Amino acid sequence: MLKVLKATYHDGKFELEEQLGSEWEGKTVEITIKSNEVSETEQGRKARVEQFLEKWKQHPGTELAEDYKFDRDEIYDR
């Protein structure tokens, strides 16, 4: 059986937004945790990437031709 519930974590315990029926009493369940919140480290990484790209756009000589294709073999031949 699959049942999706929302819960809030407080003081080491999950508080369900809705109560389960008596048929769940004493049963063991598997819990998968999904959070919609972005971690601070991910926010920081995204901010750093955005800052880098803005600086990249402002730096002279970073324009690439639209038909540019990176050729790894050409680099190794040098």
Side-chain angles (χ1 to χ4, degrees):
M1 175 182 219
L2 176 66
K3 185 164 181 79
V4 178
L5 301 170
K6 289 188 177 183
T8 305
Y9 189 74
H10 289 288
D11 298 321
K13 297 180 182 176
F14 285 104
E15 296 177 5
L16 299 176
E17 289 185 2
E18 73 179 77
Q19 296 297 315
L20 295 173
S22 61
E23 69 273 10
W24 291 93
E25 191 68 36
K27 299 223 175 152
T28 301
V29 298
E30 289 184 30
I31 297 176
T32 302
I33 299 173
K34 176 186 171 206
S35 175
N36 293 332
E37 296 177 18
V38 178
S39 68
E40 290 182 36
T41 56
E42 189 171 336
Q43 287 177 344
R45 184 186 62 78
K46 286 181 180 181
R48 287 192 309 275
V49 167
E50 290 298 321
Q51 289 173 350
F52 172 80
L53 292 175
E54 285 302 314
K55 288 181 182 178
W56 176 269
K57 288 177 187 175
Q58 296 172 3
H59 193 278
T62 57
E63 300 83 22
L64 297 174
E66 289 200 24
D67 61 343
Y68 173 80
K69 183 175 184 296
F70 177 75
D71 186 1
R72 186 177 308 270
D73 294 331
E74 179 184 344
I75 298 293
Y76 291 128
D77 289 343
R78 292 184 187 179

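No experiment lies behind these values; they were computed from the predicted model shown. All values below come from the heavy atoms of this structure, side chains included, with hydrogens, waters and symmetry mates left out.
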Are there over 12 heavy-atom neighbours, none belonging to E15, within less than 6.0 Å of that residue's CD? yes

Would you indicate whether Q19, at its atom CD, is surrounded by more than 12 heavy atoms from other residues, nucleotides or ligands within a distance under 6.0 Å? no

Between atom [atom1] of [X] and atom [atom2] of [Y], what is the distance when rounded to the nearest 0.5 Å?
X	Y	atom1	atom2	result
L53	Q58	CG	CD	11.5 Å
K57	F52	NZ	CZ	11.5 Å
K34	K6	NZ	NZ	9.0 Å

Side chain to side chain, K3 and L20, heavy atoms closer than 4.5 Å: yes

Do Y9 and L5 land in one hydrophobic cluster if side-chain heavy atoms of ILVMFWY residues count as linked below 4.5 Å? yes

